[in-house]
Amino acid sequence: MSMDVTFLGTGAAYPSPTRGASAVVLRCEGECWLFDCGEGTQTQLMKSQLKAGRITKIFITHLHGDHFFGLPGLLCTISLQSGSAVTRQPIEIYGPVGLRDFIWRTMELSHTELVFPYVVHELVPTIDQCPTEELKEFPHVDEADNSPKEGQGRTILLDSEENSYHLVDDEQFVVKAFRLFHRIPSFGFSVVEKKRPGKLNAQKLKDLGVPPGPAYGKLKNGISVVLENGVTISPQDVLKKPIIGRKICILGDCSGVVGDGGVKLCFDADLLIHEATLDDSQMDKAKEHGHSTPQMAARFAKRCCAKRLVLTHFSQRYKPIALAREGETDGTAELKKQAESVLGLQEVTLAEDFMVIGIPIKK
């Protein structure tokens with residue numbers, strides 16, 4: 001099963017000619033999940049190899065404009081491109097409390113009627129996810145307002161035992177959210193692919209006298225078979241070890257995690273995507289504004305034993321490597337060095353717009 005991540009926007013605060021606002025797409029077998037949707041995301045999608053119509057789930061890390069102002073426009077464009085007769089499952093949208101009201105009011109004020117349904121599931125933050133003075137700005141939801149096209153989404157509370165939020169649990173994936181500290185409540189998301197059955201052991205099948213054919217398929221699917229001689233063959237008799245699923249973790253803006261949920265969910269991640277808005281010389285300023293530096297991101301990756309760290313959400317002052325001139329100090333090359341100084345020999349990747357990172361199947 002192919003799986004990759006495409007960065008549509010890697011800049012902080014606003015879109016620029018060199019970096020779009022925050023947006024990342026996880027693609028698996030053609031289905032796309034969008035993480036954050038900053039202004040201009042739909043334009044970035046059109047420039048990429050992705051198709052907006054393949055988006056089935058959207059996850060918003062927090063309610064700062066550079067992470068979700070592109071959402072109403074994207075939904076409208078998907079609707080316009082879908083035609084009048086559409087029979088598709090609702091687009092599932094996950095994000096902090098207030099997101100449902102924002103989308104509904106935007107659609108209402110613009111007299112927009114989407115041709116497909118959507119469902120907004122809201123995560124309820126805790127009071128320790130942002131500075132005390134920002135608590136008064138927690139958005140509220142007017143339960144009386146419901147869009148005709150919106151199904152009744154869930155209100156998701158923190159699971160205090162696991163210190164996480166349970167979002168998705170289907171045949172292929174488990175998705176959970178964890179708390180981050182920022183100027184307003186922010187979240188990170190952990191996407192874990194479920195284990196797949198191991199390959200059939202051809203030699204054992206032969207030794208046990210299992211004839212090729214339907215029996216192979218049953219055993220592969222975890223169903224025991226009875227041979228003509230009356231012997232029962234169980235799947236565990238002929239299957240190799242299960243294949244461990246891949247794990248991708250995407251963090252929103254933050255200067256740190258709240259509780260131990262983030263470390264647990266990101267532990268041994270195949271790909272950890274973490275913001276690094278400012279360089280280490282401005283660490284105090286970064287923390288003051290609820291952001292991270294390369295060393296801060298690398299320390300978290302090291303703590304989680306992440307296999308690969310990708311930095312993103314750079315201040316627009318840091319030019320992509322391809323545009324930086326020799327000797328300039330405002331390129332991203334220095335950010336890479338700062339993160340790698342924490343991780344030693346482990347290479348750090350700097351995200352650029354339209355970069356695609358494949359996530360190979362574990363063996």
Side-chain angles (χ1 to χ4, degrees), residues 12-13 22 35-38 58-69 71 92-105 119-145 152-168 174-191 249-267 272-278 283-293 296-297 299-300 303-304 313:
S22 295
F35 292 81
D36 280 338
C37 187
I58 299 173
F59 301 85
I60 302 298
T61 61
H62 65 293
L63 300 183
H64 272 156
D66 59 326
H67 292 260
F68 81 118
F69 276 175
L71 187 52
E92 304 275 340
I93 305 174
Y94 299 83
V97 168
L99 183 59
R100 181 184 297 139
D101 194 48
F102 168 80
I103 297 174
W104 180 81
R105 292 188 183 280
V119 178
V120 181
H121 307 290
E122 294 190 319
L123 286 65
V124 179
T126 57
I127 61 174
D128 48 359
Q129 284 184 247
C130 66
T132 304
E133 61 269 20
E134 298 291 347
L135 292 178
K136 62 181 181 298
E137 297 183 10
F138 272 24
H140 70 280
V141 179
D142 187 345
E143 297 293 344
D145 291 334
Q152 185 59 48
R154 292 184 290 146
T155 297
I156 308 172
L157 301 174
L158 177 72
D159 181 327
S160 56
E161 290 187 7
E162 291 192 8
N163 213 338
S164 65
Y165 298 77
H166 298 253
L167 309 185
V168 178
V174 173
V175 183
K176 296 182 180 180
F178 51 94
R179 297 174 296 159
L180 302 173
F181 188 86
H182 186 48
R183 286 187 294 137
I184 63 173
S186 183
F187 296 90
F189 299 101
S190 168
V191 181
C249 298
I250 302 172
L251 280 69
D253 292 2
C254 67
S255 58
V257 295
V258 178
D260 60 356
V263 176
K264 290 179 179 178
L265 291 177
C266 295
F267 190 80
L272 177 66
I273 300 172
H274 199 298
E275 70 122 307
T277 306
L278 298 170
M283 188 175 293
D284 290 341
K285 181 179 179 181
K287 290 181 179 179
E288 180 184 350
H289 291 87
H291 288 294
S292 294
T293 69
M296 291 168 66
R299 289 192 195 108
F300 180 73
R303 188 179 171 193
C304 297
H313 196 266

*asked:* For Asp128 and Arg179: C-alpha separation, side-chain torsions, deciding distance, then whether side-chain contact (heavy atoms from CB on, under 4.5 Å) applies.
replied: CA-CA 9 Å; Asp128 48 359; Arg179 297 174 296 159; 3.3 Å; yes

*For Thr61 and Phe189, what are the C-alpha separation, side-chain angles and deciding distance, and is it a side-chain contact (heavy atoms from CB on, under 4.5 Å)?*
CA-CA 8 Å; Thr61 61; Phe189 299 101; 3.7 Å; yes

*Would Asn163 and Leu265 satisfy side-chain contact (heavy atoms from CB on, under 4.5 Å), going step by step from the backbone distance to the final call?*
CA-CA 10 Å; Asn163 213 338; Leu265 291 177; over 6 Å; no

*Could you give me the CA-CA distance, side-chain angles and deciding distance for Val119 and His121, then say whether side-chain contact (heavy atoms from CB on, under 4.5 Å) is met?*
CA-CA 7 Å; Val119 178; His121 307 290; 3.3 Å; yes

*asked:* Checking His182 against His291 for the ring pair (Phe, Tyr, Trp, His ring centres under 6.0 Å) test, could you report, in this order, the C-alpha distance in whole Å, the side-chain angles of both residues, the deciding distance, and whether it holds?
replied: CA-CA 7 Å; His182 186 48; His291 288 294; 5.0 Å; yes

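Between Phe59 and Tyr94, the ring planes lie parallel to each other; the angle is under 30°, not in the 30° to 60° tilted range. By the 30° and 60° cut-offs, the orientation of the rings of His67 relative to His62 is tilted.
Using a cut-off of 4.0 Å between Lys/Arg side-chain N and Asp/Glu carboxylate O, Arg183 and Asp253 are scored as not salt-bridged.
Taking OG of Ser186 as the reference point, atom CD1 of Ile60 lies at 11.0 Å (rounded to 0.5 Å). Atom CZ of residue Phe178 and atom SG of residue Cys266 lie 3.5 Å apart, to the nearest 0.5 angstrom. Note that the CE atom of Met296 and the SG atom of Cys254 stand 7.5 Å from one another [nearest 0.5 Å]. Atom-to-atom distance recorded for Phe69:CZ and Leu63:CG is 9.5 Å, nearest 0.5 angstrom. Note that the SG atom of Cys304 and the NZ atom of Lys264 stand 12.5 Å from one another [nearest 0.5 Å]. Interatomic distance, OG of Ser292 versus CZ of Phe181, reported as 11.5 Å (0.5 Å rounding).
At distances below 3.5 Å, at least one donor-acceptor pair connects side-chain atoms of Glu275 with backbone N or O atoms of Thr277. Between the side chain of Gln129 and the backbone N or O of Val258, no donor-acceptor pair lies under 3.5 Å.
For Asp159, the salt bridge (charged side-chain N to carboxylate O under 4.0 Å, His left out) criterion is met by no residue, not counting sequence neighbours.
Annotation: side chain of Leu251 is in contact with side chain of Leu272 (closest heavy-atom distance under 4.5 Å). Two residues are said to be in side-chain contact when any heavy atoms from C-beta on lie closer than 4.5 Å; Leu167 and Phe187 fail this criterion. In this structure the side chain of Ser22 never reaches within 4.5 angstrom of the side chain of Phe68, judged on heavy atoms.
Under a cut-off of 6.0 angstrom, the local environment of CZ in Arg154 is crowded, with over 12 non-hydrogen atoms contributed by other residues, nucleotides or ligands.
For Tyr165 against Leu158, the heavy-atom pair with the smallest separation is CE2-N, 3.3 Å.
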